[in-house]
Every structure is written in structure tokens, then in C-alpha cells.
Peer 1: 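Please find one structure pasted underneath; my questions will follow.
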Amino acid sequence: MPRKSLFARAGTMVRVVCLAIAPIITGCVGGRGGPGSLAAGPGISYVLKCDARVADPSLRVEVRAWGLDTTTREVHLLLPNFGEWHEVDALYVRNLEGEPGIRMSDGDPGRWEFDVPEGWDGSLRASYSLPLTGVGSRLHQRHGLLPWHVPGMEDQQTYATALSENTLARIVVGDQVVRVPTEVEIHTAPGAGIASGWAGGANGAQSHVMEAGLQESPYFFGSARAGRTSRDGAEIEVFQFTAGEDVTGPIVELVEKLTAAYMSGTGRRVDRPVRVFMVDKGGGQWMQRGLLIQRASAEEVASPYYRHLVAHELFHQWLGGYAHAADESLVWFQEGFTDYLSLLHLTQTGMARPEWFLERLQEINQEARSSAAHGKIAFGDPAVGWRDGDGTNETLAYKGGAILAFCIDAALFEQGQPRLARLIGELGQSGDGSFSLEAVCEVLNARGMGELVSRHIHKPGLPDLDYALRAVGCQRQGVDLGYVGVATTGDGGLGAITGIDPEGPAAGSGLAIGDVIGGAWICRSVRPRIGPEVAREYGFGLDLFDPAGEPVNIAVSRAGEEKAFQVRPRAISGGYLWAPANDGMFRAFLDGKAGIAPRGPGRPGSNSSGGY
């Protein structure tokens with residue numbers, strides 16, 4: 001159910017507004033007057049307290065519940081091991097108290113059992129404290145999802161933050177997590193700022209009620225810069241809790257365009273404000289009520305790679321939120337398809353160039369096929385453990401899943417079918433939005449994708465990227481490679497020099513065997529692919545250097561001393577780039593439209609022996 005944000009109610013809506021570094025906004029959002037407002041029936045109340053400005057801040061959590069089922073006396077609190085806090089449990093949960101009495105379960109630090117007496121009235125309360133790890137500390141580096149704080153230094157800003165998933169203990173009666181109307185109150189020192197995915201920004205305190213039970217969210221104690229806008233009924237808010245230049249404006253613009261594109265492509269509108277929080281933590285994190293995105297400079301925000309990070313996390317609202325996998329066996333679908341669809345819409349909005357879209361697809365394809373799991377495990381095998389810490393399986397899930405998604409989308413385009421994004425929207429409209437492998441295959445089969453499902457979901461191996469690129473109106477264009485005649489330990493990339501072609505451009509340049517290459521300048525903005533016919537013995541820089549450009553500067557380390565040398569690359573054939581051969585067809589594909597080519601033998605997705 002949509003809720004108007006504080007910004008809309010204040011009557012100050014403009015396209016983009018950036019606030020100064022100051023307490024975020026005055027007032028509370030969604031408040032219902034405290035736990036008493038839920039007393040008409042079963043309810044849960046959480047009260048969160050923290051002052052990020054003290055020397056050693058901690059988070060105090062109080063939880064109350066009333067009107068619970070009294071037919072069982074098996075009642076406990078459950079704090080999920082999100083962020084692997086069990087590894088540091090002796091340092092994590094402190095000062096646990098409860099009424100009825102409460103104790104930690106032997107062997108499970110996240111289970112806290114109540115000693116429920118006979119004649120229990122269905123009410124309880126508990127309180128506990130959680131320490132905050134310092135950004136940059138060894139503990140934070142190992143467990144970056146635990147609550148943390150930035151103490152405030154020359155290039156940083158004082159704030160503290162936490163994620164509800166591993167800070168707000170769930171109430172369990174019998175073997176069922178209790179889901180009843182839930183209120184969250186957040187308090188900090190007078191005049192200090194607060195922000196959350198539940199209710200936006202406030203000064204000093206805020207509260208919010210969730211009628212269907214707790215939804216996951218980040219929450220913050222500290223002041224931030226903020227920007228906001230509204231488009232097509234979607235409210236967008238960006239909070240920057242980091243020091244440095246203010247980038248809320250360009251992030252608001254990016255999220256605004258992406259949100260509009262996602263709603264249009266999937267056919268599913270957002271039903272809540274879209275809130276993005278920029279923090280001193282690497283990568284991104286999607287939650288039901290907000291996105292965490294790593295801090296960035298204005299230059300970094302303009303990078304398509306950074307924009308794709310934001311786009312990926314944001315699309316999880318549609319694939320991961322409205323539609324979500326029933327279990328972890330569908331990581332390849334939820335993550336890989338998100339990676340592709342976010343890349344597509346990023347390009348569709350003009351926030352990434354079509355040339356970069358094609359380049360990135362080829363990079364992803366190379367990364368997927370370089371995984372040791374490629375060709376050995378099938379996406380449809382429920383026994384595969386996809387989460388292996390960015391290992392071979394997870395690489396195949398993210399990258400290989402993205403290539404499969406593109407090839408399916410290309411096949412849908414050529415057959416004149418509704419596109420893949422609309423399929424995701426339809427998955428999110430059934431029941432509670434949860435889907436299984438069988439449901440995914442059934443939807444794809446109904447759209448004529450039976451051959452792709454059979455060959456590339458139920459069996460190992462990825463579809464042919466080049467075939468799909470041709471299907472959307474692209475073709476290979478020959479490009480000269482930049483030959484410098486240097487071999488390195490980096491398999492064509494940076495590393496120690498192991499050989500120099502005596503007839504090559506680098507001979508006599510000053511470079512020597514044993515030098516360690518640390519960087520090179522005057523590199524291509526779009527790297528060509530290297531054909532299989534090209535000799536790789538002296539492969540350094542073939543796809544990096546433009547032989548038609550200026551001499552390149554190569555920086556090396558030699559015996560502890562930094563040196564730089566210039567080399568003019570020689571042009572050799574054998575490189576290629578994918579480029580649109582039919583601009584109208586390719587533009588129609590990027591815009592999410594159906595194609596016009598008739599389905600026939602050997603076309604992508606058709607039940608024939610050709611194509612993929």
C-alpha cells in the first residue's frame with residue numbers, strides 16, 4: 001500500500017533537491033503514538049536507541065509483544081545469523097534481559113528462550129545491547145553486515161547504522177515466527193538525525209507501523225545530505241551518510257530514470273518509496289525497505305560500472321522483492337537475470353552507452369565461461385550450492401545466469417513475444433510472488449523457449465552469445481589490435497614481464513624481463529575481443545592499446561624503483577567488436593519492444609537443431 005513520504009506531505013516537491021549537511025528533516029513519519037496504538041489486538045513493538053556521537057556507541061533494542069497465542073509455552077526470540085555474527089557471539093549480544101525470564105539456548109547463540117509460566121497472559125518483553133564495529137576495523141572487514149559506526153575523521157562523517165535482519169530478534173511461538181502488526185520506534189540524542197527505509201528521515205525520533213509484520217530495512221543514527229523527487233507516482237529519496245562531495249543529485253536522477261524504466265518494463269509499479277542510502281561499505285545491499293550503496297565521487301558515479309551496481313540492487317525490488325525465488329537453488333535466476341535486466345534498462349535510459357552494453361555482455365560471457373563450473377553443472381540441478389563466496393559456482397550463477405537471460409530475451413524479441421522483464425512482472429503477481437524452478441520453466445516453455453530450457457537449464461552449458469547478438473541486429477566489425485610484443489605472467493594483463501619480442505615495438509624501449517607492470521595509459525575506452533587465430537605468445541596489451549593513437553606509457557616496478565617507458569603499438573589484425581548492423585532493430589531491442597522477424601527453423605529459442 002503506497003505511503004506518502006515526508007517530502008510529499010511537506011508540499012515542497014521538486015525534481016531534485018539537495019539538502020545541506022545538517023539534521024536530515026524535522027518530524028516523524030508514519031508514527032502511531034507508540035505501542036499503545038496497537039493494543040486493540042496482537043502486536044509487537046521494537047524501540048531502538050543509539051547516540052553515534054559518543055566514544056564507544058552501542059545499539060539498545062527493546063522488544064515488547066502482547067496478545068500472543070497462550071496455548072503453548074514454547075516461546076523464544078530468534079536473531080538470524082545474517083552477517084555470520086555467531087562467529088563473534090561473545091562480542092555481539094550483551095545485557096540480555098526479559099520478562100518472563102530469558103536465557104540463551106545452549107549451542108545456539110541466536111535462540112533466546114523464555115521461561116514461560118503457567119497462566120501466561122500472552123505478553124512479553126526483552127532488551128539487549130549490540131556493539132557497533134568501527135569502519136575499517138578488522139572485525140568490520142570480516143563481518144561487514146554487522147552494525148557499524150564511522151567515528152568521524154577528516155574525510156568522514158559521524159554516523160552509525162544497522163540492518164534489521166541481524167539486530168531485531170523475531171518472536172517465535174511453537175515453531176512459527178509471529179507476524180502481527182509491528183511498530184518500530186527509533187530514538188537518538190535531541191537534535192541528531194535519524195533515517196530508515198521504513199520512514200525516511202527525521203530529527204531525534206521516528207516511528208512506523210507495518211500492518212503485515214516486520215519488513216527488513218537499514219536504519220541510521222546521524223545527519224545526512226538528502227535528495228528526493230517523484231515521477232509517475234514513485235517517490236525517490238537518497239541519503240548520503242558519507243563525507244566528500246555531494247552526489248545525491250546524480251544518484252536521484254539515476255534512480256528516477258531506472259525506477260520509471262523498471263515499472264514500464266515489468267508492468268509492476270512500486271508500492272512504497274524507493275530509498276537509497278550511501279554508506280562507507282563496499283558493494284551494494286538490497287533490503288525490502290531500502291538499498292545500501294557504497295560511497296562514490298562524482299567521477300565514480302558517472303562510471304557505467306558504478307551505475308550498473310546501483311541498477312542491479314534497485315532491480316532486486318522487482319526480482320527478489322515482488323517476485324522472489326522459493327529457495328537458494330535459484331540464485332542463478334534471481335541474481336543473473338537481475339544483472340542482465342538492470343544492464344539492459346541502464347542502457348535503455350541513456351545512463352550507459354549501447355557500445356558499453358555490448359562490451360559488458362562480452363565481458364560477462366568471458367567471465368562465465370572461465371568459471372571451472374562452466375559445462376559441469378546445470379542451472380536446474382537443485383543439489384548445486386550456488387553460494388560459495390564468489391567462487392566458481394557463484395561466478396557461474398551471476399555471470400552465466402546473465403548470459404542465459406540475454407539469450408532468452410533475444411529469442412523473445414525475435415519471435416515477437418513479450419519481453420523478459422514483463423515475464424518477471426508476471427511472476428511477481430502470482431500468490432505471494434514466490435516462484436519455483438518448475439514455475440520458471442513453465443512460463444518459458446509457454447513462450448516457445450522449450451529448446452533453451454532443455455539445453456541450457458536442465459543440462460550444463462551456456463547458449464551461444466554471438467548467435468543472440470546477431471538476433472538483435474548486431475554484427476562483428478574487424479578492429480586492429482595494438483601489438484607491443486611483451487609477454488607477462490598476467491595472461492595478457494598486468495604482471496611480471498617474462499619475454500620481449502626482439503622484433504616487436506617494445507624491443508629497445510627500456511622494458512626488461514623481470515619488470516613488473518603496474519599500469520598503462522592511453523588505453524581504449526572499449527576493448528575489442530581477440531580472435532582465436534591471433535598468436536598470444538606476446539599478448540600483453542592487444543586489446544588495450546589503439547595502434548592508431550599516441551604512444552602508450554607503461555609503468556613498471558624494477559628492484560623497488562618505479563619507472564615508465566613509452567612504446568608505440570603496431571597494428572595487427574584479428575580483433576573485433578560487436579556493433580549494431582541494424583540500428584532500428586537494435587534500438588527496438590534496447591527499448592524493450594518485441595521484434596518483427598518471423599519465427600523459423602534455426603532461430604533463437606525455436607524447437608530446432610539450429611541456433612543455440
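Heavy-atom basis, side chains included; hydrogens, waters and symmetry copies ignored. Here the structure is a predicted model, which means the values were calculated and not measured.
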Peer 1: For a quick test of reading the model, state the closest non-hydrogen atom pair linking Gly380 to Leu437 and the distance between them.
Peer 2: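 Smallest interatomic distance, heavy atoms only, reads O-CD2, 3.4 Å.
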
Peer 1: Do the side chain of Thr338 and the main chain of Gln334 share a donor and acceptor less than 3.5 angstrom apart?
Peer 2: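 Pair found, side chain donor or acceptor close to backbone of Gln334.
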
Peer 1: For the pair Asp466 and Arg476, evaluate side chain to side chain contact (heavy atoms under 4.5 Å, CB included) and give the outcome as yes or no after the intermediate values.
Peer 2: CA-CA 9 Å; Asp466 289 2; Arg476 287 187 180 187; 2.7 Å; yes

Peer 1: Between the side chains of Gln366 and Arg529, is a donor N or O closer than 3.5 angstrom to an acceptor N or O?
Peer 2: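 Per modelled atom types, Gln366 and Arg529 side chains form a pair under 3.5 Å.
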
Peer 1: Would you say that Ile457 contacts Cys441 through its side chain, given a criterion of any heavy-atom pair below 4.5 Å between the two side chains?
Peer 2: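 In short, these two side chains touch, coming nearer than 4.5 Å.
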
Peer 1: With the side chain counted from C-beta on, respond yes when Val276 and Phe239 share a heavy-atom pair under 4.5 Å apart, and no when they do not.
Peer 2: no

Peer 1: How many angstroms lie between atom OH of Tyr340 and atom CD1 of Ile408, to the nearest 0.5 angstrom?
Peer 2: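 Going from the OH atom of Tyr340 to the CD1 atom of Ile408 covers 10.0 Å.
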
Peer 1: Output, in order, the C-alpha distance, side-chain angles, deciding distance and verdict of side chain to side chain contact (heavy atoms under 4.5 Å, CB included) for Leu462 and Arg369.
Peer 2: CA-CA 8 Å; Leu462 294 175; Arg369 293 178 184 276; 3.7 Å; yes

Peer 1: Take His456 and Phe379, measure what ring-ring contact (aromatic ring centres under 6.0 Å, His included) needs, and give me the verdict at the end.
Peer 2: CA-CA 7 Å; His456 302 297; Phe379 290 131; 9.1 Å; no

Peer 1: Assess, by modelled atom type and distance only, whether the side chains of Thr167 and Tyr219 contain a donor and an acceptor separated by less than 3.5 Å.
Peer 2: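 Distance-only check passes for Thr167 and Tyr219.
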
Peer 1: Which heavy atom of Ala373 sits nearest a heavy atom of Leu396, and at what distance?
Peer 2: O-CD2, 3.8 Å

Peer 1: Just say parallel, tilted or perpendicular for the rings of His312 and Tyr398, cut-offs at 30° and 60°.
Peer 2: parallel

Peer 1: Mind telling me whether His308 and Trp356 have parallel, tilted or perpendicular rings, with 30° and 60° as the class edges?
Peer 2: perpendicular

Peer 1: Between Glu335 and Arg387 (salt bridge meaning N to carboxylate O under 4.0 Å), is one present in this structure?
Peer 2: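 Counted as a salt bridge, because a side-chain N and a carboxylate O are separated by less than 4.0 Å.
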
Peer 1: Give a yes or no on whether a salt bridge exists between Glu237 and Arg228, defined as a side-chain N under 4.0 angstrom from a carboxylate O.
Peer 2: no

Peer 1: Looking at Arg295 and Gly282, would you say the former's side chain and the latter's main chain have a donor-acceptor pair under 3.5 Å?
Peer 2: no

Peer 1: Once rounded to the nearest 0.5 Å, what's the spacing between atom CG of Leu358 and atom CG of Leu343?
Peer 2: 9.5 Å

Peer 1: To the nearest 0.5 angstrom, please state how far the CG atom of Leu309 sits from the CD atom of Glu313.
Peer 2: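 Answer for the CG-CD pair, Leu309 versus Glu313, is 6.0 Å.
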
Peer 1: Tell me if a side-chain donor or acceptor on His324 pairs with a main-chain N or O of Gly321 at a distance below 3.5 Å.
Peer 2: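 Checking the backbone N and O of Gly321 against the side chain of His324, a donor-acceptor pair under 3.5 Å is found.
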
Peer 1: Give a yes or no on whether the backbone of Asp339 and the side-chain of Ser342 come within a donor-acceptor separation of less than 3.5 Å.
Peer 2: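 Answer holds: yes.
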
Peer 1: As a quick check of understanding, evaluate ring-ring contact (aromatic ring centres under 6.0 Å, His included) for Phe220 and Phe241, giving each step before the final call.
Peer 2: CA-CA 9 Å; Phe220 297 82; Phe241 283 90; 4.3 Å; yes

Peer 1: For Tyr262 and Leu319: C-alpha separation, side-chain torsions, deciding distance, then whether side chain to side chain contact (heavy atoms under 4.5 Å, CB included) applies.
Peer 2: CA-CA 11 Å; Tyr262 293 164; Leu319 184 49; over 6 Å; no

Peer 1: Under 3.5 Å, side chain of Gln477 to main-chain N/O of Ala579, donor-acceptor pair present?
Peer 2: no

Peer 1: Tell me whether Glu253 is salt-bridged to Lys257, with the criterion being a basic N under 4.0 Å from an acidic carboxylate O.
Peer 2: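 Answer for the salt bridge query: yes.
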
Peer 1: Where do Phe406 and Leu361 land on the side chain to side chain contact (heavy atoms under 4.5 Å, CB included) test, with the steps shown first?
Peer 2: CA-CA 9 Å; Phe406 168 68; Leu361 276 179; 3.8 Å; yes

Peer 1: Using a 4.5 Å cut-off on heavy atoms from C-beta on, say whether the side chain of Val184 contacts that of Ile186.
Peer 2: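 Yes, at least one pair of side-chain atoms sits under 4.5 Å.
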
Peer 1: Between the side chain of Ser217 and the main-chain N/O of Gly197, is any donor-acceptor distance below 3.5 Å?
Peer 2: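 Side chain of Ser217 to backbone of Gly197, a donor-acceptor pair under 3.5 Å: yes, one is there.
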
Peer 1: Under a 3.5 Å distance rule, please check whether Asp388 uses its side chain to pair with a backbone N or O of Asn393 as donor and acceptor.
Peer 2: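 Checked: pair present.
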
Peer 1: Tell me yes or no: between the side chains of Glu216 and Ser164, is some donor less than 3.5 Å from an acceptor?
Peer 2: yes

Peer 1: Is the shortest side-chain heavy-atom distance between Thr347 and Arg353 below 4.5 Å?
Peer 2: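 Counting from C-beta outward, Thr347 and Arg353 never come under 4.5 Å.
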
Peer 1: Checking the side chain of Arg272 only, and the main-chain atoms of Gln288 only, is there a donor and an acceptor separated by less than 3.5 Å?
Peer 2: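 A pair under 3.5 Å: yes.
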
Peer 1: Around Glu442, counting heavy atoms of other residues, nucleotides and ligands shown, do more than 12 lie under 6.0 Å from its CD?
Peer 2: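 No, not enclosed.
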
Peer 1: Taking Ile293 as the fixed residue, which of Val310, Val279, Val238, Val255 is the one that meets the side-chain contact (heavy atoms from CB on, under 4.5 Å) rule?
Peer 2: Val310

Peer 1: With no hydrogens and no angle check, is any side-chain donor or acceptor of Arg179 less than 3.5 Å from a backbone partner on Ala212?
Peer 2: yes

Peer 1: Measure up the Phe413 and Phe589 rings against each other and bin them: parallel (under 30°), tilted (30 to 60°), perpendicular (over 60°).
Peer 2: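 Phe413 vs Phe589 ring planes: perpendicular.
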
Peer 1: To the closest 0.5 Å, what do you measure between CG (Leu590) and CG (Leu346)?
Peer 2: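 Those atoms lie 11.0 Å apart.
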
Peer 1: For the pair Trp85 (side chain) and Pro80 (backbone), establish whether a donor and an acceptor sit closer than 3.5 Å, ignoring hydrogens and angles.
Peer 2: yes

Peer 1: Are Val274 and Glu235 side-chain neighbours, meaning at least one heavy-atom pair lies under 4.5 Å?
Peer 2: no

Peer 1: Any idea which heavy atoms bring Phe586 and Pro354 closest together, and the distance?
Peer 2: CE2-CB, 3.8 Å

Peer 1: Of the options Asp591, Asp409, Leu341, Ile424, which is the one that meets Arg419 in a side-chain contact (heavy atoms from CB on, under 4.5 Å)?
Peer 2: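 The single option meeting the side-chain contact (heavy atoms from CB on, under 4.5 Å) with Arg419 is Asp409.
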
Peer 1: Flag the pair Leu168 / Leu214 as yes when at least one side-chain heavy-atom distance between them is below 4.5 Å, and no otherwise.
Peer 2: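 Side chain of Leu168 against side chain of Leu214, heavy atoms only: contact under 4.5 Å found.
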
Peer 1: Side chains of Ser196 and Gln206: do they bring a donor and an acceptor to under 3.5 Å?
Peer 2: yes

Peer 1: Is there a side-chain contact between Leu427 and Phe333 (heavy atoms, below 4.5 Å)?
Peer 2: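 In contact.
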
Peer 1: Can you tell me how far the NE2 atom of His316 sits from the CH2 atom of Trp318, to the nearest 0.5 Å?
Peer 2: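 It comes to 12.5 Å.
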
Peer 1: If you define the side chain from C-beta out and look only at heavy atoms, does anything of Gln317 sit under 4.5 Å from Trp286?
Peer 2: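 Sidechains of Trp286 and Gln317: in contact.
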
Peer 1: Going by atom types alone, do Arg447 and Gln417 pair a side-chain donor with an acceptor below 3.5 Å?
Peer 2: no

Peer 1: How far does CD of Gln240 sit from OH of Tyr159, to the nearest 0.5 angstrom?
Peer 2: 10.0 Å

Peer 1: Before accepting this row, confirm whether a basic side-chain N of the pair Glu367/Arg360 lies closer than 4.0 Å to the acidic partner's carboxylate O.
Peer 2: yes

